[in-house]
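Below: the structure, in C-alpha coordinates.
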There are 2 protein chains.
Amino acid sequence: MLFADLDATYLDNLLAPIDNMVFETGAVIYSEGDGHSYIYSVRSGRAKQVGYSKSGQERIVRLNGVGDAIGLEAWVDKPYQHTAIALQKMDVCRIPVNVLKRINNEVPLLSRQLFSRWEAALEQADFWITSLSTGPTRKRVIRLIHFLVDRDNVPNAIVRLLKAEDMAAMLGTSKETVSRIMSELKNIGVLRRIAPRTYICDMAALDSYEYQ
Amino acid sequence: MLFADLDATYLDNLLAPIDNMVFETGAVIYSEGDGHSYIYSVRSGRAKQVGYSKSGQERIVRLNGVGDAIGLEAWVDKPYQHTAIALQKMDVCRIPVNVLKRINNEVPLLSRQLFSRWEAALEQADFWITSLSTGPTRKRVIRLIHFLVDRDNVPNAIVRLLKAEDMAAMLGTSKETVSRIMSELKNIGVLRRIAPRTYICDMAALDSYEYQ
DNA sequence: CGAGTCCTTGAAATGGATCAAACGCTGTGG
DNA sequence: CCACAGCGTTTGATCCATTTCAAGGACTCG
(Lines give C-alpha, C1' and ligand atoms only; values in the text may rest on other atoms or scores of the structure.)
Protein backbone atom coordinates (compact mmCIF):
# COMPACT_ATOMS: atom_id res chain seq x y z
CA MET A 1 0.00 0.00 0.00
CA LEU A 2 3.00 2.17 0.54
CA PHE A 3 3.57 1.74 -3.18
CA ALA A 4 0.13 2.77 -4.29
CA ASP A 5 1.45 5.39 -6.68
CA LEU A 6 3.96 3.15 -8.38
CA ASP A 7 3.89 0.87 -11.38
CA ALA A 8 3.37 -2.76 -10.42
CA THR A 9 5.74 -4.53 -12.78
CA TYR A 10 8.43 -1.97 -12.21
CA LEU A 11 8.30 -2.74 -8.54
CA ASP A 12 8.99 -6.45 -8.70
CA ASN A 13 12.64 -5.87 -9.40
CA LEU A 14 13.07 -3.69 -6.41
CA LEU A 15 10.98 -5.49 -3.88
CA ALA A 16 12.98 -8.69 -3.62
CA PRO A 17 14.52 -7.85 -0.21
CA ILE A 18 11.10 -7.35 1.34
CA ASP A 19 9.94 -10.03 3.75
CA ASN A 20 6.39 -10.99 4.51
CA MET A 21 6.17 -11.87 8.15
CA VAL A 22 3.58 -13.19 10.58
CA PHE A 23 3.44 -12.15 14.23
CA GLU A 24 1.33 -13.97 16.79
CA THR A 25 -0.63 -12.20 19.54
CA GLY A 26 1.75 -10.60 21.97
CA ALA A 27 4.79 -10.89 19.70
CA VAL A 28 7.21 -7.98 19.70
CA ILE A 29 7.70 -6.48 16.25
CA TYR A 30 10.51 -4.22 17.39
CA SER A 31 11.74 -2.74 20.65
CA GLU A 32 12.42 0.80 21.75
CA GLY A 33 16.02 1.71 21.09
CA ASP A 34 16.62 -0.92 18.43
CA GLY A 35 18.71 0.48 15.64
CA HIS A 36 17.61 -1.82 12.84
CA SER A 37 16.41 -0.09 9.77
CA TYR A 38 13.14 -1.52 8.70
CA ILE A 39 9.77 0.05 8.15
CA TYR A 40 6.80 -2.27 8.59
CA SER A 41 3.60 -2.11 6.61
CA VAL A 42 0.53 -3.74 8.16
CA ARG A 43 -1.42 -6.10 5.91
CA SER A 44 -3.79 -7.46 8.56
CA GLY A 45 -4.28 -7.38 12.31
CA ARG A 46 -3.62 -4.67 14.87
CA ALA A 47 -0.57 -3.58 16.82
CA LYS A 48 0.09 -1.27 19.73
CA GLN A 49 3.07 1.03 20.13
CA VAL A 50 4.01 1.44 23.76
CA GLY A 51 6.39 3.54 25.80
CA TYR A 52 7.52 2.55 29.28
CA SER A 53 8.22 4.99 32.09
CA LYS A 54 11.07 4.45 34.52
CA SER A 55 8.59 2.96 36.98
CA GLY A 56 7.73 0.28 34.42
CA GLN A 57 4.27 1.67 33.81
CA GLU A 58 3.27 1.27 30.19
CA ARG A 59 1.51 3.83 28.08
CA ILE A 60 0.16 3.04 24.62
CA VAL A 61 0.87 5.92 22.25
CA ARG A 62 -0.52 4.54 19.02
CA LEU A 63 -2.67 1.79 17.57
CA ASN A 64 -2.01 0.56 14.07
CA GLY A 65 -4.12 -1.37 11.63
CA VAL A 66 -4.34 -2.30 7.97
CA GLY A 67 -2.45 0.06 5.69
CA ASP A 68 -0.49 1.75 8.45
CA ALA A 69 3.27 2.03 8.30
CA ILE A 70 5.09 1.60 11.59
CA GLY A 71 8.68 2.28 12.54
CA LEU A 72 8.80 5.40 10.34
CA GLU A 73 11.57 6.87 12.46
CA ALA A 74 13.93 4.48 10.68
CA TRP A 75 13.49 6.65 7.59
CA VAL A 76 15.33 9.47 9.32
CA ASP A 77 17.92 7.09 10.80
CA LYS A 78 16.60 7.19 14.34
CA PRO A 79 16.34 4.19 16.63
CA TYR A 80 12.77 3.12 17.30
CA GLN A 81 11.13 5.36 19.87
CA HIS A 82 8.61 2.78 21.07
CA THR A 83 8.03 -0.93 21.33
CA ALA A 84 5.59 -2.37 18.81
CA ILE A 85 3.55 -5.39 19.90
CA ALA A 86 0.97 -7.40 17.96
CA LEU A 87 -2.49 -7.41 19.54
CA GLN A 88 -3.70 -10.15 17.22
CA LYS A 89 -2.17 -12.42 14.67
CA MET A 90 -0.67 -10.05 12.14
CA ASP A 91 0.56 -10.09 8.58
CA VAL A 92 3.13 -7.42 7.95
CA CYS A 93 5.76 -6.76 5.37
CA ARG A 94 9.15 -5.65 6.48
CA ILE A 95 10.89 -3.22 4.18
CA PRO A 96 14.57 -2.30 4.59
CA VAL A 97 15.00 1.44 4.65
CA ASN A 98 17.82 1.40 2.15
CA VAL A 99 15.52 -0.28 -0.35
CA LEU A 100 12.96 2.42 0.27
CA LYS A 101 15.58 5.06 -0.28
CA ARG A 102 16.66 3.51 -3.55
CA ILE A 103 13.09 3.40 -4.75
CA ASN A 104 12.62 6.97 -3.64
CA ASN A 105 15.60 8.12 -5.69
CA GLU A 106 14.24 6.62 -8.86
CA VAL A 107 10.57 7.34 -8.27
CA PRO A 108 10.07 10.39 -6.08
CA LEU A 109 6.36 9.67 -5.91
CA LEU A 110 7.14 7.40 -3.02
CA SER A 111 8.00 10.26 -0.75
CA ARG A 112 4.48 11.53 -1.20
CA GLN A 113 3.21 8.30 0.31
CA LEU A 114 5.73 8.52 3.11
CA PHE A 115 4.71 12.04 3.96
CA SER A 116 1.11 11.00 4.15
CA ARG A 117 1.92 8.11 6.54
CA TRP A 118 3.84 10.56 8.62
CA GLU A 119 0.95 12.91 8.64
CA ALA A 120 -1.36 10.09 9.69
CA ALA A 121 0.87 9.23 12.62
CA LEU A 122 0.92 12.85 13.72
CA GLU A 123 -2.81 13.15 13.39
CA GLN A 124 -3.27 10.07 15.55
CA ALA A 125 -0.87 11.42 18.14
CA ASP A 126 -2.83 14.67 18.28
CA PHE A 127 -6.04 12.72 18.71
CA TRP A 128 -4.42 10.88 21.59
CA ILE A 129 -3.61 14.17 23.27
CA THR A 130 -6.86 16.03 22.75
CA SER A 131 -9.30 13.13 23.00
CA LEU A 132 -7.75 10.30 24.98
CA SER A 133 -5.74 12.33 27.46
CA THR A 134 -8.05 15.25 28.21
CA GLY A 135 -11.10 15.52 30.43
CA PRO A 136 -12.77 13.10 32.82
CA THR A 137 -12.20 9.40 32.28
CA ARG A 138 -15.75 8.59 31.24
CA LYS A 139 -15.50 10.96 28.31
CA ARG A 140 -12.16 9.48 27.35
CA VAL A 141 -13.59 5.98 27.29
CA ILE A 142 -16.46 7.13 25.12
CA ARG A 143 -14.10 8.79 22.66
CA LEU A 144 -12.00 5.65 22.61
CA ILE A 145 -15.03 3.56 21.70
CA HIS A 146 -15.77 6.00 18.90
CA PHE A 147 -12.23 5.57 17.66
CA LEU A 148 -12.45 1.80 17.70
CA VAL A 149 -15.80 1.56 15.94
CA ASP A 150 -15.72 0.11 12.48
CA ARG A 151 -17.06 3.12 10.74
CA ASP A 152 -19.94 2.93 8.27
CA ASN A 153 -22.23 0.65 10.24
CA VAL A 154 -24.60 3.04 11.87
CA PRO A 155 -26.68 3.46 13.96
CA ASN A 156 -25.68 0.17 15.56
CA ALA A 157 -21.98 -0.36 15.05
CA ILE A 158 -19.85 -3.33 15.91
CA VAL A 159 -16.83 -2.56 18.09
CA ARG A 160 -13.90 -4.79 18.80
CA LEU A 161 -12.51 -3.48 22.07
CA LEU A 162 -9.22 -4.36 23.70
CA LYS A 163 -8.67 -5.84 27.09
CA ALA A 164 -9.25 -3.43 29.93
CA GLU A 165 -5.59 -3.16 30.75
CA ASP A 166 -4.73 -2.02 27.23
CA MET A 167 -7.56 0.46 27.11
CA ALA A 168 -6.35 1.85 30.42
CA ALA A 169 -2.85 2.17 28.97
CA MET A 170 -4.28 4.12 26.06
CA LEU A 171 -6.17 6.48 28.35
CA GLY A 172 -3.64 6.92 31.11
CA THR A 173 -5.96 5.52 33.74
CA SER A 174 -6.39 2.26 35.66
CA LYS A 175 -7.98 -0.93 34.36
CA GLU A 176 -10.49 -0.94 37.23
CA THR A 177 -11.82 2.45 36.24
CA VAL A 178 -12.18 1.33 32.65
CA SER A 179 -14.05 -1.75 33.78
CA ARG A 180 -16.42 0.28 35.91
CA ILE A 181 -17.27 2.62 33.07
CA MET A 182 -17.81 -0.30 30.72
CA SER A 183 -20.24 -1.83 33.22
CA GLU A 184 -22.08 1.44 33.33
CA LEU A 185 -22.39 1.53 29.54
CA LYS A 186 -23.61 -2.06 29.44
CA ASN A 187 -26.19 -1.43 32.15
CA ILE A 188 -27.68 1.52 30.32
CA GLY A 189 -27.86 -0.54 27.15
CA VAL A 190 -25.34 1.47 25.13
CA LEU A 191 -23.17 -1.63 24.69
CA ARG A 192 -24.42 -5.18 24.13
CA ARG A 193 -21.90 -8.01 24.16
CA ILE A 194 -21.99 -10.38 21.22
CA ALA A 195 -18.59 -12.07 21.54
CA PRO A 196 -15.48 -11.79 23.69
CA ARG A 197 -14.50 -8.13 23.73
CA THR A 198 -16.93 -7.49 20.90
CA TYR A 199 -20.02 -5.37 21.30
CA ILE A 200 -22.86 -3.80 19.44
CA CYS A 201 -22.86 -0.13 20.22
CA ASP A 202 -25.83 2.21 20.04
CA MET A 203 -23.99 5.21 18.66
CA ALA A 204 -26.76 7.73 19.26
CA ALA A 205 -27.09 6.71 22.91
CA LEU A 206 -23.31 6.78 23.27
CA ASP A 207 -23.11 10.33 21.95
CA SER A 208 -25.93 11.66 24.06
CA TYR A 209 -24.45 9.98 27.11
CA GLU A 210 -21.21 11.91 26.70
CA TYR A 211 -23.00 15.17 27.38
CA GLN A 212 -24.27 14.38 30.84
CA MET B 1 16.79 27.14 8.65
CA LEU B 2 14.53 25.01 6.57
CA PHE B 3 17.01 25.65 3.80
CA ALA B 4 20.09 24.62 5.70
CA ASP B 5 21.11 22.11 3.04
CA LEU B 6 20.79 24.52 0.14
CA ASP B 7 23.08 26.92 -1.60
CA ALA B 8 22.60 30.47 -0.41
CA THR B 9 22.86 32.42 -3.64
CA TYR B 10 20.77 29.90 -5.47
CA LEU B 11 18.02 30.49 -3.02
CA ASP B 12 17.63 34.20 -3.48
CA ASN B 13 15.86 33.75 -6.78
CA LEU B 14 13.33 31.44 -5.32
CA LEU B 15 12.65 33.07 -2.01
CA ALA B 16 11.13 36.28 -3.26
CA PRO B 17 7.54 35.29 -2.33
CA ILE B 18 8.51 34.64 1.25
CA ASP B 19 7.31 37.17 3.81
CA ASN B 20 8.96 38.02 7.07
CA MET B 21 6.27 38.70 9.60
CA VAL B 22 6.00 39.86 13.19
CA PHE B 23 3.30 38.65 15.58
CA GLU B 24 2.62 40.30 18.91
CA THR B 25 1.82 38.37 22.09
CA GLY B 26 -1.55 36.70 21.72
CA ALA B 27 -1.74 37.16 17.96
CA VAL B 28 -3.21 34.30 15.96
CA ILE B 29 -0.82 32.98 13.33
CA TYR B 30 -3.43 30.72 11.77
CA SER B 31 -6.69 29.11 12.86
CA GLU B 32 -7.87 25.53 12.86
CA GLY B 33 -9.64 24.72 9.63
CA ASP B 34 -8.03 27.48 7.61
CA GLY B 35 -7.18 26.26 4.14
CA HIS B 36 -4.41 28.69 3.32
CA SER B 37 -1.23 27.10 2.22
CA TYR B 38 1.67 28.50 4.13
CA ILE B 39 4.27 26.90 6.30
CA TYR B 40 5.75 29.13 8.97
CA SER B 41 9.32 29.01 10.17
CA VAL B 42 10.05 30.49 13.59
CA ARG B 43 12.95 32.92 13.76
CA SER B 44 12.40 34.10 17.33
CA GLY B 45 9.82 33.83 20.09
CA ARG B 46 7.51 31.02 21.10
CA ALA B 47 4.08 29.89 19.92
CA LYS B 48 1.48 27.45 21.17
CA GLN B 49 -0.66 25.21 19.02
CA VAL B 50 -4.05 24.63 20.60
CA GLY B 51 -7.09 22.49 19.97
CA TYR B 52 -10.51 23.34 21.36
CA SER B 53 -13.06 20.79 22.52
CA LYS B 54 -16.76 21.26 21.88
CA SER B 55 -17.09 22.57 25.42
CA GLY B 56 -14.64 25.36 24.58
CA GLN B 57 -11.94 23.95 26.80
CA GLU B 58 -8.52 24.50 25.29
CA ARG B 59 -5.70 21.99 25.17
CA ILE B 60 -2.22 22.92 24.03
CA VAL B 61 -0.77 20.17 21.86
CA ARG B 62 2.56 21.69 20.94
CA LEU B 63 4.97 24.46 21.78
CA ASN B 64 7.23 25.88 19.11
CA GLY B 65 10.42 27.88 19.27
CA VAL B 66 13.35 28.98 17.17
CA GLY B 67 13.94 26.77 14.15
CA ASP B 68 10.61 24.99 14.31
CA ALA B 69 8.34 24.79 11.32
CA ILE B 70 4.63 25.10 12.02
CA GLY B 71 1.65 24.42 9.85
CA LEU B 72 3.34 21.43 8.21
CA GLU B 73 0.00 19.90 7.34
CA ALA B 74 -0.22 22.42 4.51
CA TRP B 75 2.49 20.40 2.77
CA VAL B 76 0.05 17.52 2.33
CA ASP B 77 -2.78 19.88 1.39
CA LYS B 78 -4.65 19.59 4.65
CA PRO B 79 -6.33 22.49 6.43
CA TYR B 80 -4.61 23.45 9.65
CA GLN B 81 -5.49 21.05 12.46
CA HIS B 82 -4.88 23.51 15.29
CA THR B 83 -4.80 27.20 16.06
CA ALA B 84 -1.33 28.71 16.40
CA ILE B 85 -0.96 31.63 18.80
CA ALA B 86 2.11 33.70 19.64
CA LEU B 87 3.12 33.57 23.31
CA GLN B 88 5.61 36.38 22.90
CA LYS B 89 6.53 38.81 20.21
CA MET B 90 7.60 36.59 17.33
CA ASP B 91 9.55 36.81 14.12
CA VAL B 92 8.46 34.23 11.61
CA CYS B 93 8.80 33.74 7.93
CA ARG B 94 5.81 32.64 5.96
CA ILE B 95 6.54 30.37 3.04
CA PRO B 96 3.90 29.52 0.45
CA VAL B 97 3.67 25.78 -0.02
CA ASN B 98 3.81 26.00 -3.78
CA VAL B 99 7.15 27.76 -3.53
CA LEU B 100 8.39 24.97 -1.29
CA LYS B 101 7.19 22.42 -3.78
CA ARG B 102 8.99 24.15 -6.61
CA ILE B 103 12.19 24.24 -4.62
CA ASN B 104 11.72 20.61 -3.71
CA ASN B 105 11.45 19.61 -7.36
CA GLU B 106 14.73 21.23 -8.24
CA VAL B 107 16.61 20.44 -5.07
CA PRO B 108 15.32 17.26 -3.41
CA LEU B 109 17.53 17.92 -0.41
CA LEU B 110 14.74 20.06 0.90
CA SER B 111 12.52 17.09 1.56
CA ARG B 112 15.14 15.77 3.95
CA GLN B 113 14.69 18.91 6.01
CA LEU B 114 10.94 18.60 5.84
CA PHE B 115 11.00 15.01 7.03
CA SER B 116 13.14 15.97 9.94
CA ARG B 117 10.71 18.76 10.95
CA TRP B 118 7.93 16.25 10.69
CA GLU B 119 9.83 13.85 12.84
CA ALA B 120 10.43 16.56 15.42
CA ALA B 121 6.72 17.32 15.59
CA LEU B 122 5.91 13.66 16.11
CA GLU B 123 8.56 13.30 18.74
CA GLN B 124 7.14 16.26 20.60
CA ALA B 125 3.63 14.83 20.35
CA ASP B 126 4.84 11.54 21.81
CA PHE B 127 6.52 13.41 24.63
CA TRP B 128 3.23 15.15 25.30
CA ILE B 129 1.49 11.79 25.62
CA THR B 130 4.01 9.90 27.70
CA SER B 131 5.34 12.72 29.85
CA LEU B 132 2.77 15.49 30.06
CA SER B 133 -0.38 13.38 30.00
CA THR B 134 0.58 10.38 32.13
CA GLY B 135 0.84 9.94 35.88
CA PRO B 136 0.03 12.23 38.79
CA THR B 137 -0.02 15.96 38.20
CA ARG B 138 3.03 16.75 40.28
CA LYS B 139 5.18 14.55 38.11
CA ARG B 140 3.76 16.12 34.99
CA VAL B 141 4.60 19.60 36.21
CA ILE B 142 8.13 18.52 36.98
CA ARG B 143 8.56 17.01 33.53
CA LEU B 144 7.17 20.18 32.02
CA ILE B 145 9.74 22.29 33.86
CA HIS B 146 12.43 19.98 32.54
CA PHE B 147 11.11 20.52 29.05
CA LEU B 148 11.11 24.29 29.41
CA VAL B 149 14.58 24.58 30.88
CA ASP B 150 17.13 26.24 28.69
CA ARG B 151 19.43 23.30 28.43
CA ASP B 152 23.17 23.60 29.11
CA ASN B 153 23.02 25.74 32.24
CA VAL B 154 23.38 23.20 34.99
CA PRO B 155 23.13 22.63 37.87
CA ASN B 156 21.14 25.83 38.31
CA ALA B 157 19.18 26.44 35.16
CA ILE B 158 17.07 29.38 34.17
CA VAL B 159 13.49 28.54 33.21
CA ARG B 160 11.01 30.77 31.47
CA LEU B 161 7.64 29.33 32.45
CA LEU B 162 4.27 30.19 30.98
CA LYS B 163 1.27 31.51 32.78
CA ALA B 164 -0.46 28.94 34.95
CA GLU B 165 -3.42 28.68 32.64
CA ASP B 166 -1.24 27.74 29.70
CA MET B 167 0.73 25.22 31.69
CA ALA B 168 -2.55 23.68 32.80
CA ALA B 169 -3.66 23.50 29.18
CA MET B 170 -0.45 21.68 28.33
CA LEU B 171 -0.95 19.16 31.13
CA GLY B 172 -4.67 18.63 30.93
CA THR B 173 -5.23 19.87 34.44
CA SER B 174 -6.55 23.00 36.15
CA LYS B 175 -4.64 26.23 36.69
CA GLU B 176 -5.26 26.02 40.44
CA THR B 177 -3.52 22.67 40.69
CA VAL B 178 -0.57 24.01 38.74
CA SER B 179 -0.38 27.00 41.03
CA ARG B 180 -0.43 24.83 44.14
CA ILE B 181 2.38 22.63 42.87
CA MET B 182 4.42 25.67 41.90
CA SER B 183 4.01 27.04 45.42
CA GLU B 184 5.22 23.74 46.78
CA LEU B 185 8.32 23.84 44.61
CA LYS B 186 9.07 27.42 45.62
CA ASN B 187 8.66 26.63 49.31
CA ILE B 188 11.11 23.74 49.18
CA GLY B 189 13.59 25.95 47.36
CA VAL B 190 13.61 24.09 44.06
CA LEU B 191 12.46 27.22 42.25
CA ARG B 192 13.60 30.75 42.98
CA ARG B 193 11.89 33.61 41.19
CA ILE B 194 14.15 36.13 39.47
CA ALA B 195 11.71 37.84 37.12
CA PRO B 196 8.08 37.55 36.05
CA ARG B 197 7.51 33.88 35.21
CA THR B 198 11.24 33.33 35.25
CA TYR B 199 12.96 31.16 37.83
CA ILE B 200 16.26 29.64 38.77
CA CYS B 201 15.75 25.94 39.11
CA ASP B 202 17.87 23.59 41.18
CA MET B 203 17.84 20.67 38.78
CA ALA B 204 19.21 18.08 41.19
CA ALA B 205 16.59 18.93 43.79
CA LEU B 206 13.91 18.86 41.11
CA ASP B 207 14.89 15.39 39.99
CA SER B 208 15.12 13.90 43.44
CA TYR B 209 11.77 15.46 44.29
CA GLU B 210 10.10 13.61 41.46
CA TYR B 211 10.80 10.28 43.12
CA GLN B 212 8.95 10.89 46.35
C1' DC C 1 -1.66 55.28 40.18
C1' DG C 2 -5.34 52.48 38.75
C1' DA C 3 -7.46 48.78 35.88
C1' DG C 4 -7.17 44.58 34.72
C1' DT C 5 -5.07 40.28 34.63
C1' DC C 6 -3.10 36.59 36.86
C1' DC C 7 -1.93 34.14 41.01
C1' DT C 8 -2.85 32.19 45.52
C1' DT C 9 -5.40 29.91 49.03
C1' DG C 10 -9.34 27.78 51.35
C1' DA C 11 -13.14 24.52 51.88
C1' DA C 12 -16.33 21.24 50.05
C1' DA C 13 -17.40 17.74 46.93
C1' DT C 14 -16.10 14.57 43.54
C1' DG C 15 -13.45 11.49 40.99
C1' DG C 16 -10.03 8.12 40.57
C1' DA C 17 -6.28 5.04 42.45
C1' DT C 18 -5.29 1.24 45.01
C1' DC C 19 -5.70 -3.05 47.44
C1' DA C 20 -8.11 -7.14 47.88
C1' DA C 21 -11.27 -10.68 46.96
C1' DA C 22 -14.60 -13.17 44.22
C1' DC C 23 -16.32 -14.21 39.85
C1' DG C 24 -16.53 -15.69 34.90
C1' DC C 25 -14.88 -17.16 30.82
C1' DT C 26 -11.79 -20.06 27.76
C1' DG C 27 -9.07 -23.43 26.48
C1' DT C 28 -6.71 -27.83 28.06
C1' DG C 29 -6.15 -32.37 29.65
C1' DG C 30 -8.10 -36.19 31.90
C1' DC D 1 -17.91 -34.22 28.55
C1' DC D 2 -16.39 -32.40 32.79
C1' DA D 3 -13.10 -30.28 35.92
C1' DC D 4 -9.62 -27.25 36.48
C1' DA D 5 -5.94 -23.76 35.74
C1' DG D 6 -5.06 -19.37 34.21
C1' DC D 7 -6.19 -15.10 32.77
C1' DG D 8 -9.03 -11.28 32.72
C1' DT D 9 -12.99 -8.93 34.68
C1' DT D 10 -15.98 -7.21 38.18
C1' DT D 11 -17.05 -5.14 42.53
C1' DG D 12 -16.40 -3.24 47.14
C1' DA D 13 -14.15 -0.25 50.50
C1' DT D 14 -10.85 3.07 51.70
C1' DC D 15 -7.81 6.74 50.89
C1' DC D 16 -5.79 10.27 48.38
C1' DA D 17 -5.61 13.57 44.55
C1' DT D 18 -7.87 16.86 41.92
C1' DT D 19 -11.74 19.79 40.55
C1' DT D 20 -14.60 23.36 41.42
C1' DC D 21 -16.32 27.57 43.31
C1' DA D 22 -15.24 31.55 45.62
C1' DA D 23 -12.73 35.33 47.47
C1' DG D 24 -8.69 37.93 48.42
C1' DG D 25 -4.19 39.45 47.10
C1' DA D 26 -0.30 40.48 44.09
C1' DC D 27 1.64 41.80 40.24
C1' DT D 28 2.04 44.05 35.55
C1' DC D 29 1.46 47.34 32.36
C1' DG D 30 -0.40 51.25 30.49
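Quick note on labels: first sequence line is chain A, next is B, and so on, each numbered from 1. The basis for the numbers below is simple: all heavy atoms, side chains too, and nothing from hydrogens, waters or symmetry mates.
Between A/Trp75 and A/Tyr38, the ring center distance fails the sub-6.0 Å criterion.
For C/dG16, neither phosphate oxygen OP1 nor OP2 lies less than 4.0 angstrom from any side-chain nitrogen or oxygen of A/Thr173.
Remark: B/Ser179, B/Arg180, B/Ser183, B/Lys186 in residues 179-191 of chain B come within less than 4.0 Å of DNA chain C through at least one heavy atom.
Side-chain atoms of B/Thr134 do not come within 3.5 Å of backbone N or O of B/Ser131 as any donor-acceptor pair.
Side-chain contact check for B/Ser174 and B/Arg180: no donor-acceptor pair (N or O, by modelled atom type) lies under 3.5 Å. Using a 3.5 Å distance cut-off with no hydrogens or angles, the side chains of A/Arg43 and A/Asn20 do pair a donor with an acceptor. Judged purely by distance below 3.5 Å, without hydrogens or angles, the side chains of B/Arg192 and B/Asn156 never pair a donor atom with an acceptor atom. Between A/Asn64 and A/Gln49, the side chains place a donor N or O and an acceptor N or O closer than 3.5 Å (distance only, hydrogens not considered).
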Chi angles and distances behind the side-chain hydrogen bond (donor to acceptor under 3.5 Å, both in side chains) call for A/Thr177, A/Arg140:
CA-CA 11 Å; A/Thr177 300; A/Arg140 299 189 195 188; over 6 Å; no

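In terms of heavy-atom proximity, B/Asp166 sits nearest to B/Lys48 at OD1-NZ, 3.0 Å.
The outermost nucleotides of DNA chain D lying under 4.0 Å from heavy atoms of chain A, listed 5' to 3', are D/dG8 to D/dA13.
Where A/Gly135 and B/Leu162 meet DNA chain C, the nucleotide closest to each residue was compared, and B/Leu162 sits on the side nearer the 5' end.
Contact annotation for A/Thr137: backbone-only contact, meaning every heavy-atom pair under 4.0 Å involves sugar-phosphate atoms and none involves a base. Counting any heavy atom pair closer than 4.0 Å across all strands shown, A/Arg140 reaches no nucleic acid atom.
Ring-plane geometry between A/Tyr80 and A/Tyr30 is classed as parallel, the angle between the planes falling under 30 degrees on a 0 to 90 degree scale with a further cut at 60.
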Are there any protein N/O atoms within less than 3.5 Å of an N/O atom in nucleotides 23-28 of chain C, and if so, which ones and at what distance?
none

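Within the 4.5 Å cutoff, no side-chain heavy atoms of B/Thr198 are placed close to those of B/Val159.
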